Protein chains: 2
Amino acid sequence: MVSKKTAAADTVDAKPRPLTRIQKEKQDIILEAALEVFSLHGFRGATIDQIAAQAGMSKPNLLYYFPKKDEIHRRLISELLVTWLAPLAEFDEDGDPFTEIRSYIRRKLEMARDFPRESRLFANEMLQGAPRVSEMIEVDLKNLVDEKAKVLLTWMEQGRLARTDPYHLIFSIWATTQHYADFDVQVRAVLGKDRNGEGRFEDAARYLEQLFMHGLTPKARSAGKA
Amino acid sequence: MVSKKTAAADTVDAKPRPLTRIQKEKQDIILEAALEVFSLHGFRGATIDQIAAQAGMSKPNLLYYFPKKDEIHRRLISELLVTWLAPLAEFDEDGDPFTEIRSYIRRKLEMARDFPRESRLFANEMLQGAPRVSEMIEVDLKNLVDEKAKVLLTWMEQGRLARTDPYHLIFSIWATTQHYADFDVQVRAVLGKDRNGEGRFEDAARYLEQLFMHGLTPKARSAGKA
DNA sequence: AGAAATTTTGACCAGTTGGAAAAATGTTAG
DNA sequence: CTAACATTTTTCCAACTGGTCAAAATTTCT
C-alpha cells in the first residue's frame with residue numbers, strides 16, 4: 001500500500017525515496033508551466049488542463065507528479081518566498097545607507113524585470129488576501145522587516161538618512177519596483193511603442209534613484225523654505 | 001422577439017426602454033455585490049452563485065438583470081475607469097507643481113483607503129494582462145498621461161520641478177498609493193496590530209509627502225555633493 | 001533478454017459552473 | 001377585476017473541472 005504510486009507522494013512518508021533525476025526534471029517542467037499559468041490567472045482561474053498543456057503533457061500525467069492542484073501552487077509559493085525575501089535580507093547595517101538602499105532598489109527592479117511571473121504570482125496571492133501564505137507573511141516577513149526597520153531607524157538617528165517612517169519606506173520600494181512587473185501591460189501601454197525599448201529599465205532605475213535620493217525638489221532650492 | 005426579456009438586454013437595442021427605478025436599484029445591488037466578489041477572486045475565480053448570494057438573490061434572478069457574467073464585469077470595469085482617471089484629470093497646469101502633485105498623491109491615497117475593492121478589481125485586470133480593457137488603457141489612459149506628462153515637463157523646464165522622467169514619476173505615484181489597497185494584507189501583517197490603527201493612513205501620507213518632496217536625503221546635506 | 005518498476009495514456013466520474021426555459025408570482029393600468 | 005407586463009423561482013442542462021483508475025507503454029535493473 002506504500003508504493004502504489006512512486007513519484008510525488010513523498011510529502012511526509014516513511015521512505016522519501018530519493019527522487020530520480022527524471023522525476024526532478026518533470027517536476028521542474030510542471031512548476032515552470034504552473035508558474036506561467038498561475039501568475040496569469042490566479043489559483044482559481046488556472047486549470048490543470050492549461051498547466052498540463054503548457055507543460056506538454058496530459059492532465060493525468062501531470063497529476064501523477066502532483067496529485068493535487070493545491071500542492072503545485074503551494075510549492076511555487078514557498079519556493080518563491082525564499083527568493084523574494086533574499087534581497088531584503090542582504091540589507092547590511094554596516095554599509096552606507098544610501099548605497100544599501102540604492103542597491104536594494106536596483107535588485108528589486110532587476111527582479112521585476114527578470115522574474116515578472118514570480119512577482120505576479122505573489123501579487124495575485126496578496127490581492128486575494130494571502131489565504132495560503134498568511135502565516136509566512138505574519139511571521140517570517142514581519143520579523144525580517146522589523147529587523148530592517150530597526151537598521152533604518154539607527155541610520156536616521158545618526159543623521160545619515162532622513163527621519164521618516166521606515167516601514168512605509170520599505171513599502172514604497174516594494175511598490176515602485178514591483179509595479180513594473182505587476183502592471184506591465186499598463187506601463188507598456190502608457191509608454192507607447194517608442195519608449196519601450198531596452199532603455200525602459202534604465203529609465204526606471206534612474207528615476208527611482210532620483211526619487212529616493214532627492215525627491216522631486218529641483219536642485220536650485222533643495223534646502224528651500226519650510 | 002424584441003421584448004421577451006425586458007430588463008437588461010438593452011445593450012444596443014432599438015428601444016432602450018427607460019429603465020424603471022426598481023431595475024436601476026437591483027442593478028446597483030448586483031454591481032455592488034459583484035465588485036466585492038470580483039475584486040477578491042478575479043473574473044474567473046468569481047462565480048455567479050457567489051455574486052447572487054452576496055446580492056441576496058437567486059442566480060437565475062441575477063441573470064435576469066445581467067444575462068452574461070461577462071457583462072457585469074464589463075460594466076464594473078468601465079464605470080471604474082472613469083472614477084480611476086478622474087484625479088489625474090484634475091491635475092492643473094496653472095497650479096503650483098508641488099501643490100498639485102501633493103494633492104494628487106493625497107487623492108490617490110484616499111481612494112486606496114476608501115475604494116480598495118475598486119483598486120483591487122483594477123489590479124486584477126492588469127495582472128491578467130488587461131484582456132478586457134486593453135483599448136481603454138492604450139487610448140484614453142495613454143492620452144491623458146501623455147498630456148499630463150507634458151505639463152510636468154513644462155514645470156521641469158521652468159525649474160519648478162526636478163528634471164526627471166514624467167512617466168515614471170506618474171507610475172511611482174500610482175504604485176505607492178495603490179499599494180495600500182492592493183497589498184493591504186501584507187501591509188497589515190508587517191505593521192502588526194499596534195501600528196494599524198487610524199494613524200496608518202496619516203503615516204503613509206506623511207511619508208509619501210516626504211519622499212516625493214525631498215527623498216531620503218537628510219536635511220543637513222540636502223544639496224550635498226554631486 | 002526478461003522481470004520489475006516507473007511513466008504515460010484513455011476512459012471515466014462526480015461536483016461545479018454558466019446559462020436556458022418555463023412556470024409561478026407579483027405589479028400596474030384600464 | 002383583469003389583461004399585460006415585469007419579476008422571481010423551479011427545474012434542468014451541457015460544458016468544464018479536479019481527480020480516479022486500470023491498462024498500456026516505456027524505462028530500468030539484473
Side-chain angles (χ1 to χ4, degrees), chain A residues 1-11 13 15-30 33-34 37-38 40-76 132, chain B residues 1-11 13 15-30 33-34 37-38 40-76 132:
Chain A
M1 205 189 238
V2 173
S3 59
K4 196 174 182 185
K5 289 174 177 179
T6 313
D10 321 304
T11 329
D13 253 349
K15 288 281 177 201
R17 196 65 69 89
L19 238 297
T20 74
R21 179 181 32 74
I22 294 176
Q23 286 171 344
K24 185 99 190 65
E25 278 175 21
K26 286 289 170 100
Q27 288 194 2
D28 284 349
I29 291 175
I30 293 171
V37 179
F38 279 137
L40 229 78
H41 303 295
F43 180 73
R44 286 219 44 195
T47 73
I48 298 186
D49 272 311
Q50 275 178 95
I51 300 173
Q54 181 80 25
M57 60 179 76
S58 67
K59 179 169 66 169
N61 194 13
L62 181 148
L63 285 168
Y64 170 71
Y65 291 101
F66 290 91
K68 303 278 171 190
K69 182 189 181 186
D70 222 340
E71 230 158 279
I72 311 176
H73 194 258
R74 211 186 304 280
R75 267 282 291 275
L76 277 178
R132 284 165 256 272
Chain B
M1 206 190 238
V2 173
S3 58
K4 195 174 182 186
K5 287 173 178 183
T6 314
D10 322 303
T11 328
D13 253 349
K15 288 280 176 202
R17 195 65 67 88
L19 239 297
T20 76
R21 177 180 34 75
I22 294 175
Q23 286 172 344
K24 184 99 187 67
E25 277 174 21
K26 286 288 172 102
Q27 287 192 3
D28 284 349
I29 290 176
I30 293 170
V37 179
F38 279 138
L40 229 76
H41 304 294
F43 180 73
R44 287 219 44 195
T47 74
I48 298 185
D49 271 312
Q50 274 178 95
I51 300 173
Q54 181 80 24
M57 61 179 76
S58 68
K59 179 170 67 171
N61 193 14
L62 182 148
L63 284 168
Y64 170 70
Y65 290 101
F66 290 90
K68 302 279 171 190
K69 181 188 180 184
D70 221 342
E71 231 159 276
I72 311 176
H73 194 258
R74 212 187 304 280
R75 267 281 290 276
L76 276 178
R132 285 166 256 271

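Because the structure is a prediction, the values reported are computed rather than measured. Only heavy atoms go into these numbers, but all of them, side chains included; no hydrogens, no water, no symmetry mates. Here is the naming used below: chain letters follow the sequence lines, and residue numbers restart at 1 for every chain.
Residues A/N61 and A/R44 both approach DNA chain C. Their nearest nucleotides, taken by heavy-atom distance, put A/N61 toward the 5′ side. DNA chain D is contacted by both B/P60 and A/K69; B/P60 maps to the nucleotide lying nearer its 5′ end (nearest heavy atom per residue).
If you check distances only, the side chain of A/K59 does reach the base of D/dG18 with a donor-acceptor pair under 3.5 Å.
Residue A/S58 places none of its side-chain N or O atoms closer than 4.0 Å to OP1 or OP2 of C/dT8. Between B/K26 and D/dT8, a side-chain N or O to OP1/OP2 separation shorter than 4.0 Å is present.
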Determine, stepwise, if the pair B/R44 / A/T47 fulfils side chain to side chain contact (heavy atoms under 4.5 Å, CB included).
CA-CA 10 Å; B/R44 287 219 44 195; A/T47 73; 3.7 Å; yes
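Straight-line distance from the CG atom of A/L63 to the C1' atom of C/dC12: 14 Å, rounded to whole Å. Regarding B/I72, its CD1 atom lies at a distance of 11 Å from the C1' atom of C/dG18, rounded to whole Å. Per the geometry, CD belonging to A/E25 stands 14 Å off C1' belonging to C/dT7, to the nearest Å. As rounded to whole Å, 12 Å separates atom C1' of D/dT17 from atom CD1 of A/I51. If you measure from atom CG of A/L62 to atom C1' of D/dT17, you get 14 Å, rounded to the nearest angstrom. Between the CZ atom of B/F66 and the P atom of C/dG18 there is a distance of 16 Å, given to the nearest Å. For the pair A/Y64 OH and D/dT26 P, the interatomic distance rounds to 16 Å; values are reported in whole Å. We find that OH of A/Y65 is positioned 18 Å from P of D/dG19, with the value rounded to whole Å.
Listed nucleotides D/dT8, C/dT9, D/dG18 differ in distance to A/I48; the shortest reach to its side chain belongs to D/dG18. When distances are taken from the side chain of A/T47 to each of D/dT17, D/dC21, D/dG19, the shortest belongs to D/dT17. The side chain of A/D49 lies closest to D/dT17 when the candidates are D/dT17, D/dG19, C/dT7. Side-chain atoms of B/K68 lie closest to C/dG19 of the nucleotides C/dG19, D/dT20, C/dT9. Among the nucleotides D/dT7, D/dG19, C/dA11, the one closest to any side-chain atom of B/Q23 is D/dT7.
Between B/Q50 and B/G45, the shortest heavy-atom contact is NE2-O, 3.7 Å. Here the shortest heavy-atom pairing between A/A46 and A/H41 reads N-CB, 3.9 Å. Across every non-hydrogen atom of B/A34 and B/I72, the tightest pair is CB-CG2, 3.4 Å.
Using a 4.0 Å heavy-atom distance criterion, B/A52 is classed as making no nucleic acid contact.
In this structure, B/F38 and B/F43 have parallel ring planes: the angle between them is below the 30° cut-off, well short of the 60° mark.
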